[in-house]
Amino acid sequence: MRAAERSAGDEPLRAPSGTHDILPPESAVFEGVVARFASRARLAGYGLALTPLFEELAVFSRGVGSSTDVVTKEMYDFVDKGGRHLALRPEVTASVARAYVQHRPTLPWRVWYWGPQFRYERPQAGRYRQFWQLGAEVLGTGDPDLDVEVIELAWTFCEGERIPGLSLALNSLGDGACRPAYRERLLAFLEPLAAQLCPEHQTRYRDNPLRVLDCKRPACRDATAAAPTPLEALCPSCRTHFARVQEGLASLGIPAVVTPRLVRGLDYYTRTTFEITASALSASQDAVGGGGRYDGLVAALGGPETPGIGFSLGLDRLLLARGDDAPAPEAGLEAFVVDLTGGGAALVLTSRLRRAGVAVERAFDSRSLRAQLRMADRSGAAVALIIGPAERAAGEVRLHPLRGGEESVVAIEEVEGALRALDGAGERPRRTGNEEQA
RNA sequence: GUGGCCGUAGCUCAGUCGGUUAGAGCGCCAGGUUGUGGCCCUGGAGGUCGGGGGUUCAAGUCCCCUCGGUCACCCCA
């Protein structure tokens, strides 16, 4: 079945598999989360970085690592009309590092971001082909205090979003000094056990032995029960760094759980790595976010040796973990214009009010008064502004409160003042009956 | 990539052993009230029963294929 044939059929068009529409009113929840993250990030000195949704393939193959699943099987890559080999971004950290190399802003450089990412995987609950992330990255300092600060931002933000059952896993993977030696040691350990590993890792363990530690299949779990962990192989400076990160987290009251087998799927991590999980998510997709230090990434992309650390949070999963409390938000409308004279009066009045900063809607198609008032009621507006032939002739507007109150008539030039007055009065809850009668 | 479950109206679903013109609730539209929303009442619009093939006098219902959705494995956010 060719794609062309498939789309030529007369089946209704729908969003591609693994993507989903985020529409009102739920989209307002999404919007709110992003806005709260933005303000937290700003407090900590981060600026917004908007990098392209697609990059040269090499940004990811060299940045993320050519043996990772993300790069080998999950990338949406394509050749454009100019023959460039591009890929939709499967994550953002590598893009940020590329942007740093390209523009060389002064260090330390703190940026936050949000936007969609793409991975070609089989969709399931909490896992999409286009998914949304919030994240932050800091380049230019290897100070462990920064690790603490970055983890704190991720952690306190999740807490602030009232996600139930949060926990924080922490590990250190070592650096350029101790990791290669550890890798050899692990390989030597795995070599004689290869036949006992799960089918997938029987050959793959050579490319990326650390991943075997993280494999959830019983075969690998049993075979590696006694395997050395990166933590016990840390060199002195990595050990000191990790100790200070733990101290710092403790001093802020952040409950990190040291998890020696936490590996994570991207190759660029060095030293500190962490993952935030939520018990409300299904056991296998319980990560709402994760991150870590990547002191070699910038150099791998052709820049100078520059340490860095960051994290990203899955927006879709954040919302999923928080449950369906999606607070159907009000439209926020102040007024709804009901025009019984053909619509021209509404056209002029809504325009005038909107220019004055009043949130206002109207009906179209010259519908009946009853129909227009029904729309006004459902719109959530506080008041209907009725213009019939009589009002129009007199240069007036009838103010009809929709949530209780007395109807009144004002000169059309004074509508804004009257709305303001009503708004002021509404601040003291005055229930004048009229709502919910048995 | 592998496996389980599910496809009937915009939404949630019913549809008996295969049997007449495929139903309900919600939503939407109109009217009840010639200028007053919600509640109530009446009426209306809206369906390739996912698609194709087969069995049968007869298929929403049984069989095969296919497409789509969903959940899980794997991996990750």
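What you see is a predicted model, and the numbers here were worked out from it, not measured in a lab. Letters go in sequence order (proteins before strands), and every chain restarts at 1.
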Fill in the blank from the handout: In numerical order, the residues of residues 31-50 of chain A whose heavy atoms come under 4.0 Å of RNA chain B are none
Practice task
Residues of residues 58-78 of chain A with any non-hydrogen atom less than 4.0 angstrom from an atom of RNA chain B: list those, numerically ordered, please.
Solution key: A:D69, A:E74
So what does [X] hit on the nucleic acid, given a heavy-atom distance under 4.0 Å: a base, only sugar-phosphate, or nothing?
X: A:G265; answer: sugar-phosphate
X: A:L402; answer: base
X: A:L318; answer: nothing
X: A:R264; answer: sugar-phosphate
X: A:A384; answer: nothing
X: A:G135; answer: nothing

Problem - Parallel, tilted or perpendicular: rings of A:Y76 and A:Y120 (30°, 60°) - result: perpendicular
Donor on one side chain, acceptor on other, [X] and [Y], under 3.5 Å:
X: A:T224; Y: A:R261; answer: yes
X: A:S61; Y: A:S66; answer: no
X: A:E55; Y: A:S95; answer: yes

[X], nearest nucleotide to its side chain (from [options]):
X: A:A125; options: B:A72, B:U36, B:G38; result: B:A72
X: A:R14; options: B:G69, B:G3, B:U36; result: B:G69
X: A:Q124; options: B:C74, B:U36, B:C75; result: B:C74
X: A:R211; options: B:U36, B:C76, B:G35; result: B:C76
X: A:E407; options: B:C76, B:U36, B:G37; result: B:U36

Quick check against the 3.5 Å criterion: does [X] have a side-chain atom that pairs as donor or acceptor with the backbone of [Y]?
X: A:N171; Y: A:P260; result: yes
X: A:T277; Y: A:E275; result: no
X: A:E74; Y: A:E121; result: no
X: A:R179; Y: A:L173; result: yes

Practice task
Establish, yes or no, whether a centroid distance under 6.0 Å links the rings of A:W112 and A:F37.
Solution key: yes
Problem - Ring centres under 6.0 angstrom apart (A:F30, A:W132) - result: yes
All N/O contacts under 3.5 Å from nucleotides 28-33 of chain B to the protein, with atom names and distances to one decimal?
residue, atom, partner, partner atom, Å
B:C28, OP1, A:R378, NH1, 2.8
B:C29, OP1, A:R367, NH2, 3.2
B:C29, OP2, A:R374, NH2, 2.8
B:C29, O3', A:R367, NH2, 3.3
B:A30, OP1, A:R367, NE, 3.3
B:A30, OP1, A:R367, NH2, 3.2
B:A30, OP2, A:R367, NH2, 3.0
B:G31, O6, A:R370, NH2, 2.9
B:G32, N7, A:R370, NH1, 3.2
B:G32, N7, A:R370, NH2, 3.2
B:G32, O6, A:R370, NH2, 2.5

Check nucleotides 7-13 of chain B against the protein and report each pair of N or O atoms closer than 3.5 Å, with its distance, or say if there are none.
none

Figure out the [atom1]/[atom2] separation between [X] and [N], and round it to whole Å.
X: A:Y128; N: B:A72; atom1: OH; atom2: C1'; value: 15 Å
X: A:Y120; N: B:A77; atom1: OH; atom2: P; value: 20 Å
X: A:E391; N: B:U36; atom1: CD; atom2: C1'; value: 11 Å
X: A:E91; N: B:C76; atom1: CD; atom2: P; value: 12 Å
X: A:R129; N: B:C74; atom1: CZ; atom2: C1'; value: 14 Å
X: A:R317; N: B:C75; atom1: CZ; atom2: P; value: 13 Å
X: A:L373; N: B:U34; atom1: CG; atom2: P; value: 14 Å
X: A:R122; N: B:G69; atom1: CZ; atom2: C1'; value: 11 Å

Practice task
Indicate, yes or no, whether a donor-acceptor pair under 3.5 Å links the base of B:U36 to the side chain of A:Q372.
Solution key: no
Handout entry: Donor/acceptor link under 3.5 angstrom from A:Q130 side chain onto base of B:A77
Key = no
Practice task
Go through the structure and list residues passing salt bridge (Lys or Arg N to Asp or Glu O under 4.0 Å) with A:E396, not counting sequence neighbours.
Solution key: none
Exercise for the section: Between A:G290 and A:G18, name the one whose nearest nucleotide on RNA chain B is closer to the 5' end. Expected result: A:G18
Handout entry: Watson-Crick or G-U pairs under 3.5 Å in RNA chain B, rendered as dot-bracket with [ ] for crossing pairs and | for another strand
Key = (((((((..((((.....[...)))).(((((.......))))).....(((((..]....))))))))))))....
Problem - Heavy-atom check, side chain of A:V138 versus side chain of A:Y46, under 4.5 Å - result: yes
Problem - Min side-chain heavy-atom separation A:L353-A:E334 under 4.5 Å - result: no
Practice task
Apply the test salt bridge (charged side-chain N to carboxylate O under 4.0 Å, His left out) to residues A:D69 and A:R211: give CA-CA distance (whole Å), side-chain angles for both, the deciding distance (0.1 Å), then the verdict.
Solution key: CA-CA 11 Å; A:D69 282 1; A:R211 294 282 300 291; 3.7 Å; yes
Exercise for the section: Decide whether a cation-pi geometry holds between A:R362 and A:F364; the criteria are a distance under 6.0 Å from NZ or CZ to the six-membered ring centre and an angle within 45° of the ring axis. Expected result: yes
Handout entry: Other residues, nucleotides, ligands: >12 heavy atoms within 6.0 Å of A:E31 CD
Key = no
Practice task
With rounding to the nearest 0.5 Å, note down the distance linking CG in A:L402 to OG in A:S379.
Solution key: 7.0 Å
Practice task
Could you measure between the two P atoms, the one in B:C41 and the one in B:G27, and give it in whole Å?
Solution key: 12 Å
